Peer 1: 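I have a structure I would like to understand better, so I am pasting it below and will then ask my questions one at a time.
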Amino acid sequence: MGIVIILLMLAGVGLMLTRKLPTAFALVLLAVAIAAVVGAPLTGENSIVDTVLQEGAVAQAATMLAVLIGSWMGKLMAETGIASTLVRKIVEFGGDRPTVVALGVLAVSALIGTVTGSAPAAMMAGIIGIPAMVAVGVPKTTAAGTILMGIAAGMPFELPIWQFFSTTLDLPVDTVRGFMLKLFPFAAAFAVLFVLVETRRKGVEHAWSLAAPAHGRRRDRARQLGDAPWYALLAPLVPLVLALGFELAIIPSMLAGVLYALVTTTRPREMNKRLLRTLYGAFDIAAPPIALFVAIGILLAAVTLPGAVEALNPLVTAVSPGHPVVFVVVFALLTPLCLYRGPLNVFGLGAGIAGVLISAGIYPAVAVLGLTASYNQVFGVADPTSTQTVWAAQYSGVSPQQVMVRTLPYVWCVALGGLIVTAATQL
């Protein structure tokens, strides 16, 4: 039975890689197939309808809400000029020094990455930051990579990510936060190293050569927004200070950030309209990840059914390394399997594998957190199918594969650092 489930998972990977089905649809189909194979009844306890589809669909509700609020705050930061002001100030400070400008854009990208991820974060930092970097001599591929490495450096402090891992792995938020604080130095150090090394590559172009009308309109709109007040620029820090410093719950912390961004940039008579406009816009941004989280919850419900756990336990136990050194070596070598929506991508089949590792008692949940969070640093930067990578590459005038080649060695090292920390502290 376990072999059949593995074959079904491989079929699911094939459907996602070949784009025969969107990832969310493929995961739901896979979940139902697994539940059927292990003999789950149609209704009742541990059933396809009531457990897998009903309970699984809402299992990630807290994460979905966190993603929506993060998208809301990101939309506010874009509309009020907070994001563009941060980038412009850094570019002005850097002048015509490529490395300084790139480091500044990296820092702003990291700050924005703590609020929201994926393409919206790349756009907020990149619409001004990418042409500014290229204009002072930063290679195009490096400019795109700088945005992505910055977002990934801020990812350990992205509150919706904390909520996702807390819900998915059934861990307290404090535990998730603790590991993310350990992962952050690796993400930050290799992001800075990327900029210092890659900005010195030959083949620089001292001109912004992408003349597509859409790009021009975006830059013009960003300039027309004007500068946000200096105190409004602290908006991305508000949720972090509340969640980290005062240990306030994630959703209230993020709502406080939304309120701060609104109050510091908007006249009282315009607040209602701006709140509703940006909230509705946030639904458009958050819809794809919310659909994915529904599917992930359904898949997790399927792979943690008693029949699935019983079938997979012998197989997973046989292939899972137990010694800390072997754990690091094996999973470091398997890192590329989180790319191209592969089986170790936590926002896909990787979530199901994580559920199996925990429910079967192979590794403690904290060790699985270390594994999946480390891989997520790679996926968020180097995966040519991720929306932020595609946008940053296309806006810079290069291919996503070129960005992957440049960034993969650095984020692979970040993942290695996370795996070492995991093995040293949890195994």
Side-chain angles (χ1 to χ4, degrees), residues 1-17 21-64 164-171 291-321 331 334 337-338 341-373 375-376 379:
M1 193 65 70
I3 297 294
V4 175
I5 295 176
I6 297 297
L7 291 175
L8 286 173
M9 289 182 170
L10 291 175
V13 171
L15 289 172
M16 289 183 278
L17 286 178
L21 278 178
T23 300
F25 294 169
L27 294 180
V28 172
L29 182 62
L30 176 61
V32 173
I34 290 173
V37 163
V38 300
L42 187 62
T43 60
E45 187 178 359
N46 294 321
S47 65
I48 296 174
V49 172
D50 295 323
T51 303
V52 175
L53 295 178
Q54 173 64 30
E55 295 177 13
V58 297
Q60 295 282 341
T63 303
M64 298 177 212
F164 170 68
F165 283 121
S166 173
T167 304
T168 301
L169 306 178
D170 195 21
L171 286 169
L292 187 58
F293 289 131
V294 171
I296 288 173
I298 290 173
L299 178 62
L300 284 170
V303 298
T304 54
L305 289 171
V309 173
E310 183 180 350
L312 288 169
N313 196 345
L315 291 175
V316 177
T317 302
V319 300
S320 299
F331 283 114
L334 293 177
L337 292 180
C338 70
R341 305 289 172 177
L344 294 182
N345 178 355
V346 70
F347 294 109
L349 188 56
I353 293 175
V356 171
L357 291 174
I358 294 173
S359 59
I362 308 301
Y363 298 123
V366 182
V368 178
L369 166 66
L371 178 64
T372 51
Y375 283 160
N376 192 42
F379 164 76

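What you see is a predicted model, and the numbers here were worked out from it, not measured in a lab.
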Peer 1: Give me the atom names and distance for the closest heavy-atom approach of Ala291 to Ala24.
Peer 2: O-CB, 3.9 Å
Peer 1: Evaluate side-chain contact (heavy atoms from CB on, under 4.5 Å) for Leu27 paired with Ile296, printing each intermediate quantity in order.
Peer 2: CA-CA 7 Å; Leu27 294 180; Ile296 288 173; 4.1 Å; yes
Peer 1: Give me the atom names and distance for the closest heavy-atom approach of Ala302 to Ala308.
Peer 2: O-CB, 3.6 Å
Peer 1: Just wondering, do Val58 and Met64 contact through their side chains at under 4.5 Å, heavy atoms?
Peer 2: no
Peer 1: On a heavy-atom basis, which atom in Gly12 and which in Ala26 lie closest, and how many Å separate them?
Peer 2: O-CB, 4.5 Å
Peer 1: Any side-chain heavy-atom pair from Leu344 and Leu334 closer than 4.5 angstrom?
Peer 2: yes
Peer 1: Say you draw a straight line from CG of Asp50 to CD of Glu45; how long is it, rounded to the nearest 0.5 Å?
Peer 2: 10.5 Å
Peer 1: Using side-chain heavy atoms (C-beta onward) and a distance below 4.5 Å, is Gln60 in contact with Leu300?
Peer 2: yes
Peer 1: Where is the tightest heavy-atom contact between Val52 and Ala31, given as atom of each residue plus distance?
Peer 2: CG1-CB, 4.2 Å
Peer 1: Looking only at atom types and distance, does a side-chain atom of Asn345 sit under 3.5 Å from a main-chain N or O of Gly350, one as donor and one as acceptor?
Peer 2: no
Peer 1: I want to check something: taking the side chain as every heavy atom from C-beta on, are Val366 and Leu171 in contact at a cut-off of under 4.5 Å?
Peer 2: yes
Peer 1: Of the non-hydrogen atoms in Cys338 and Phe379, which two are nearest, and what is the gap between them?
Peer 2: O-CD1, 3.9 Å
Peer 1: Show the nearest heavy-atom pair for residues Ile5 and Ala311, with the distance to one decimal.
Peer 2: CD1-CB, 4.0 Å
Peer 1: For Ser359, what residues pass the side chain to side chain contact (heavy atoms under 4.5 Å, CB included) criterion, not counting sequence neighbours?
Peer 2: Thr304, Val309
Peer 1: Less than 4.5 Å apart, side chain to side chain, heavy atoms only: is that true for Val32 and Leu53?
Peer 2: yes
Peer 1: Look at the side chain of Thr372 and the backbone N and O of Leu369, then say whether any donor-acceptor pair between them is shorter than 3.5 Å.
Peer 2: yes
Peer 1: Go through the steps to decide whether Val346 and Phe165 satisfy the test side-chain contact (heavy atoms from CB on, under 4.5 Å), and finish with yes or no.
Peer 2: CA-CA 10 Å; Val346 70; Phe165 283 121; 4.1 Å; yes
Peer 1: So how far is it from Asn313 CG to Leu357 CG, rounded to the nearest 0.5 Å?
Peer 2: 10.5 Å
Peer 1: Under 4.5 Å between any side-chain heavy atoms of Phe25 and Leu15, yes or no?
Peer 2: no
Peer 1: Run Ile358 and Asp170 through side-chain contact (heavy atoms from CB on, under 4.5 Å) and show every step you take.
Peer 2: CA-CA 10 Å; Ile358 294 173; Asp170 195 21; over 6 Å; no
Peer 1: Do Val38 and Glu310 have side chains that approach each other closer than 4.5 Å (heavy atoms only, starting at C-beta)?
Peer 2: no
Peer 1: May I ask you to test the Leu292-Phe347 pair for a side-chain heavy-atom distance under 4.5 Å?
Peer 2: yes
Peer 1: Applying side chain to side chain contact (heavy atoms under 4.5 Å, CB included), can you list everything that pairs with Leu30, at least two apart in sequence or on another chain?
Peer 2: Leu8, Met9, Ile34, Leu299, Leu349
Peer 1: According to ring-ring contact (aromatic ring centres under 6.0 Å, His included), who are the partners of Phe331, at least two apart in sequence or on a separate chain?
Peer 2: Phe327
